[in-house]
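What follows is a set of notes on a single structure, which appears directly below.
A note on names: the letters A, B, ... follow the listed sequences, proteins ahead of strands, and every chain is numbered from 1.
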Amino acid sequence: MKRTVMALLVTLMVPASLWAISAEDIIKKLEKNTVTKTARIDGVMIINDRFGIKRSTFISYARGADTMLIEFTSVEEEGMKILRTRDEIYLFYPDAEELIRMQGAALKESVMGSDMSYEDMTGGRTLLQSYKVKLEGTEEIDGAPCYKVSMEAKKKGVPYYKQIMWIDKELFIYRKIHKFSRSGKLLKEIICDDVRQVSGKNIAFHMVLKDTMKRNSSTEFVINDIQINIPLKASIFSLEELTW
Amino acid sequence: MVIKNLNRFILMLFIALIGILPAHAEMLPSVKLTLMNSLARIDEDSLTFSSLGKGRFTLQSVKNRNVRAQLTLDTTIADTVMIDISRAFIKVRFPGFRTTIGKAKVSWGEGFFYNAGDVIFGDTPLTADMTAEELRDEAVWLTSAYIPLSTYSFIEPIILVPGLNLSELMLDPEASTPSTTDPSAGGRFVARPGGIKVEGGYLYRGAEQSHNPYLSFQGNLFLDWHLSSSISIPHYSPMISDLEESFKISWGLFHLQSLASGMSLSFRLEGLVKPCASWIEKEGDSSEYSFMLYPEISLSVNESLTYLLRSVVSPIDLSALITAGMYWNIYEGFKILSFLSVQAGETTDIYGWNKPGGITFSCGFQFIY
């Protein structure tokens with residue numbers, strides 16, 4: 001009798017374990033969907049704060065997960081550029097003709113008064129290299145079923161000690177992210193929507209970022225146009241292009 | 001009179017250009033206007049209360065991916081207008097390199113206030129405008145090339161050709177013009193081995209007939225740091241004493257600390273050391289001391305309000321120029337500015353309470369549009 005019950009239990013458990021998805025698999029699928037070989041984005045950054053609404057248009061070029069050049073095209077910031085490489089962030093202000101290398105605590109500065117810091121742009125490693133991940137369950141975000149994955153830093157050097165991501169179960173794109181300090185204080189909240197499929201990738205065309213340390217402030221990113229896996233010259237991601 | 005009329009003509013032409021520019025999307029005009037009222041102590045018995053304005057008019061070319069041009073006029077506005085062409089350059093990008101010709105900013109070495117690696121412009125003057133956002137903002141007539149070698153490294157050869165002194169020539173057509181031996185020439189190499197920016201360069205200064213090599217380093221180890229050094233060697237009859245006297249080292253530390261509620265506090269400390277200059281106080285000769293410091297503390301309360309305290313300190317004669325200031329960005333592009341500068345020291349020191357401008361208070365508006 002015992003053997004029969006045992007055999008039945010094993011039979012029931014094997015398919016269940018085959019169907020279950022681990023937190024690691026979810027993150028791998030997320031990164032497979034979100035990381036592109038190359039991309040060119042034409043977008044708008046909209047800062048909502050107590051001064052009102054400020055719109056800054058930009059064009060960004062990206063190569064892989066860790067290389068990016070952003071060039072602002074709106075009149076007020078025309079020619080301002082940010083270069084992010086695997087281990088460096090540089091800024092170029094055309095008015096001052098000044099090249100600034102962002103290092104150390106300066107990375108915590110806000111990008112042009114937005115809710116995004118330069119630190120938010122750093123990275124270079126995959127999430128699984130930097131964080132221990134754990135599947136906390138499933139929840140719905142704006143009607144979309146999502147995996148709730150918590151992440152805790154494996155070592156020092158990551159901008160946020162803890163993160164919780166709500167990852168769309170079907171599209172493998174994050175719908176919401178909470179980023180916390182080591183003490184557990186919520187520092188940033190990101191909400192994504194308007195998901196569209198481009199060249200086989202699911203892309204959120206609208207993102208809202210809130211720095212909880214700032215009162216009455218939020219920053220929206222809107223993608224007007226995106227081209228994926230297009231040929232991009234390596235020289236785009238250099239100090240030469242940045243200071244041009 | 002001729003100069004005044006010429007200045008007026010240039011200004012009127014520029015204003016007319018700005019007026020018609022919106023019709024031409026190929027150009028980007030911008031104006032930065034700063035208007036200040038200042039109360040300053042002249043001597044023991046008298047004060048002065050005056051207004052002064054500064055305007056920066058810039059026209060930049062846009063849209064062309066391979067050619068960039070800029071024309072900038074700096075004006076100082078009081079009872080009359082003084083005009084300076086602070087930028088006038090064209091940059092062209094060719095496959096493998098780019099070149100610049102005209103009057104452009106060039107930044108060699110490292111340093112916000114003290115930069116021994118800047119063999120082009122030299123030391124920041126002791127009378128620098130401490131209320132300016134950028135303390136080193138000079139431009140020079142140049143022809144240069146920028147040859148990228150990798151993501152972070154490049155070579156920049158440069159020739160500095162003196163500009164014609166037009167105003168002098170208009171007054172006196174027989175006035176002397178720059179000679180063929182006056183230009184300066186050199187180059188620099190920049191790389192980033194092991195995360196440290198390394199810059200080495202050389203400039204032959206034609207007018208002074210001297211060779212000026214320099215070396216600069218910049219990195220981050222808990223704090224941002226930089227270190228630069230240079231010497232000047234006369235082309236004719238160089239002596240060891242020339243090397244010793246011209247040898248100088250500058251260094252700097254910078255840290256930005258985020259505080260609660262979105263505030264941030266930044267600390268900057270820079271120093272300039274000239275080992276062979278005077279290490280003791282000299283009565284009546286305060287021009288060349290061996291050690292100078294530039295400390296600065298800045299508190300950004302939020303995105304719109306910044307307080308700063310900066311100073312040039314001469315530890316040898318124990319004098320200092322101390323400036324406390326505030327930038328309050330009320331509307332987009334609009335700031336209220338307020339500064340209080342005090343010279344602490346005796347009359348024979350670099351800075352002195354009894355010197356003109358021993359204490360100055362200025363307050364005004366700045367608008368960029």
Side-chain angles (χ1 to χ4, degrees), chain A residues 47 49-55 67 71 73-79 83 85-88 90 93-110 112-115 117-119 181 185 187 211-217 233-244, chain B residues 28-30 32 56 58 60 62 65-66 68 70 72 87 91 93 96-98 104-107 133-134 137 139 146-154 190 192 195 197 218-225 254-258 260-264 266 300 302-304 329-333 368-369:
Chain A
I47 302 170
D49 59 17
R50 62 196 181 89
F51 297 117
I53 297 173
K54 183 184 172 191
R55 298 169 66 89
T67 308
E71 179 175 359
T73 52
S74 37
V75 173
E76 201 178 333
E77 301 87 14
E78 172 92 35
L83 173 68
T85 59
R86 182 175 287 273
D87 50 359
E88 297 274 0
Y90 286 89
Y93 292 100
D95 290 347
E97 296 150 74
E98 193 177 5
L99 179 67
I100 297 172
R101 185 181 179 190
M102 300 298 287
Q103 293 171 297
L107 291 169
K108 293 192 183 298
E109 282 286 275
S110 150
M112 296 171 62
S114 72
D115 291 63
S117 67
Y118 292 102
E119 197 170 48
S181 67
K185 187 172 183 178
L187 299 175
D211 181 344
T212 59
M213 305 294 278
K214 289 182 166 187
R215 278 175 289 178
N216 305 320
S217 176
K233 284 183 188 172
S235 61
I236 286 177
F237 308 102
S238 67
L239 292 188
E240 195 278 328
E241 180 67 33
L242 186 71
T243 55
W244 173 247
Chain B
L28 182 69
S30 70
K32 181 179 182 179
R56 172 167 278 200
T58 299
Q60 286 178 77
V62 289
R65 294 288 301 172
N66 293 312
R68 295 255 160 122
Q70 183 176 323
T72 301
R87 305 285 190 276
K91 294 183 181 182
R93 185 153 64 169
F97 76 102
R98 72 186 193 216
K105 184 176 177 178
V106 55
S107 306
E133 286 171 63
E134 283 182 78
D137 185 40
Y146 181 107
I147 305 162
L149 303 176
S150 70
T151 302
Y152 304 110
S153 63
F154 62 89
V190 176
R192 202 206 58 166
K197 180 190 168 194
Q218 187 269 328
N220 177 271
L221 184 67
F222 306 113
L223 304 171
D224 290 358
W225 59 267
F254 176 78
H255 180 67
L256 189 145
Q257 183 63 48
S258 293
S261 307
M263 289 197 289
S264 64
S266 71
S300 292
N302 50 42
E303 291 299 330
S304 62
N329 187 351
I330 295 180
Y331 301 112
E332 198 171 324
I368 302 170
Y369 54 99

Does a salt bridge link A/Glu71 with B/Arg65, judged by any charged N lying under 4.0 Å from a carboxylate O? yes

Has B/Lys197 got more than 12 heavy atoms of other residues, nucleotides or ligands less than 6.0 Å from its NZ? yes

Run B/Tyr152 and A/Thr85 through side chain to side chain donor-acceptor pair (under 3.5 Å) and show every step you take. CA-CA 10 Å; B/Tyr152 304 110; A/Thr85 59; 2.4 Å; yes

Which of the residues B/Arg192, B/Gln70, B/His255 is involved in the greatest number of heavy-atom pairs with chain A at under 4.5 angstrom? B/Arg192

Taking every non-hydrogen pair under 4.5 Å, which of A/Glu88, A/Glu109, A/Glu98, A/Lys54 racks up the most with chain B? A/Glu88

Looking only at atom types and distance, does a side-chain atom of A/Asp115 sit under 3.5 Å from a main-chain N or O of A/Asp211, one as donor and one as acceptor? yes

Contact class of B/Gln60 relative to chain A, heavy atoms under 4.5 angstrom: side chain

Taking every heavy-atom pair that is under 4.5 Å apart, which of B/Tyr369, B/Phe154, B/Tyr146 has the most such pairs with chain A? B/Tyr146

Interchain contact, A/Thr243 with chain B, by part (heavy-atom threshold 4.5 Å): both

Which region of B/Arg98, side chain (C-beta onward) or backbone (N, CA, C, O), has a non-hydrogen atom less than 4.5 Å from a non-hydrogen atom of chain A, or is it both or neither? side chain

Taking side chain as everything from C-beta outward and backbone as N, CA, C, O, which of these in B/Ile330 sits under 4.5 Å from a heavy atom of chain A? Side chain, backbone, both or neither. backbone

Do B/Arg93 and A/Glu241 meet the salt-bridge criterion of a basic N to acidic O distance under 4.0 Å? yes

Which atoms of B/Lys32 come close to chain A, meaning under 4.5 Å heavy atom to heavy atom: side chain ones, backbone ones, both, or neither? neither

Residues B/Pro148 and B/Gly96: closest non-hydrogen pair is CD-O, 3.5 Å

Donor + acceptor pair across side chains of A/Ser238, A/Ser235 (<3.5 Å): no

Residue part contacting chain A, namely of B/Arg87, when any heavy atom lies under 4.5 Å: side chain

